[in-house]
Amino acid sequence: SRQVVSKLLEEQIIKNAENKEKERQKILNSERNYLNRLSTEIELHNAMDRSMHLEKQRSLLEAWERDGHIRNLKKLQP
């Protein structure tokens with residue numbers, strides 16, 4: 001009888017430990033997924049910022065080139 005109770009308690013302890021580990025893994029997976037999504041969003045945000053920066057540079061370069069052409073055309077006028 002004591003051995004049966006001892007065995008049942010041991011099985012219950014093992015089962016509880018397994019359940020705790022499963023729950024811990026579930027939480028870790030959830031946190032990992034959240035961090036992965038966050039990382040992806042940060043990368044996307046950085047790419048958008050970079051794209052906007054490059055677009056501004058391109059626009060400024062076009063304006064600078066246009067200004068240079070206009071100055072050259074004015075030099076050619078009598």
For Gln57, enumerate each residue passing the side chain to side chain contact (heavy atoms under 4.5 Å, CB included) test, keeping only those at least two apart in sequence or located in another chain. His53, Leu54
All side chain to side chain contact (heavy atoms under 4.5 Å, CB included) counterparts of Ile13, not counting sequence neighbours: none
Distance-only criterion, 3.5 Å: show the donor-acceptor pairs between side-chain atoms of residues 20-29 and protein atoms not counting sequence neighbours.
unit_1, atom_1, unit_2, atom_2, d
Glu21, OE1, Arg24, NE, 3.1
Glu21, OE2, Arg24, NH2, 3.2
Glu21, OE2, Gln25, NE2, 3.0
Asn29, OD1, Arg32, NH1, 2.7
Asn29, ND2, Gln25, O, 3.3

Apart from [X] itself, what residues make up its hydrophobic cluster when side-chain heavy atoms of I, L, V, M, F, W and Y under 4.5 Å apart count as a link, directly or indirectly?
X	result
Val4	Leu8
Leu61	Trp64
Val5	Leu9

Applied to residues 65-74, the salt bridge (charged side-chain N to carboxylate O under 4.0 Å, His left out) test, sequence neighbours excluded, yields Asp67-Arg71
Excluding sequence neighbours, so at least two apart, what forms side-chain hydrogen bond (donor to acceptor under 3.5 Å, both in side chains) with Glu62? Arg58
Qualifying residues under side-chain hydrogen bond (donor to acceptor under 3.5 Å, both in side chains), relative to Gln3, sequence neighbours excluded: none
Reported CD-to-CE distance for the pair Glu55 and Met48, which is rounded to 0.5 angstrom: 13.5 Å
Nearest 0.5 Å, what's the CD1-CG distance between Ile42 and Leu38? 4.0 Å
Pairs flagged by side chain to side chain donor-acceptor pair (under 3.5 Å) wherever residues 33-51 is involved - sequence neighbours left out: His45-Asp49
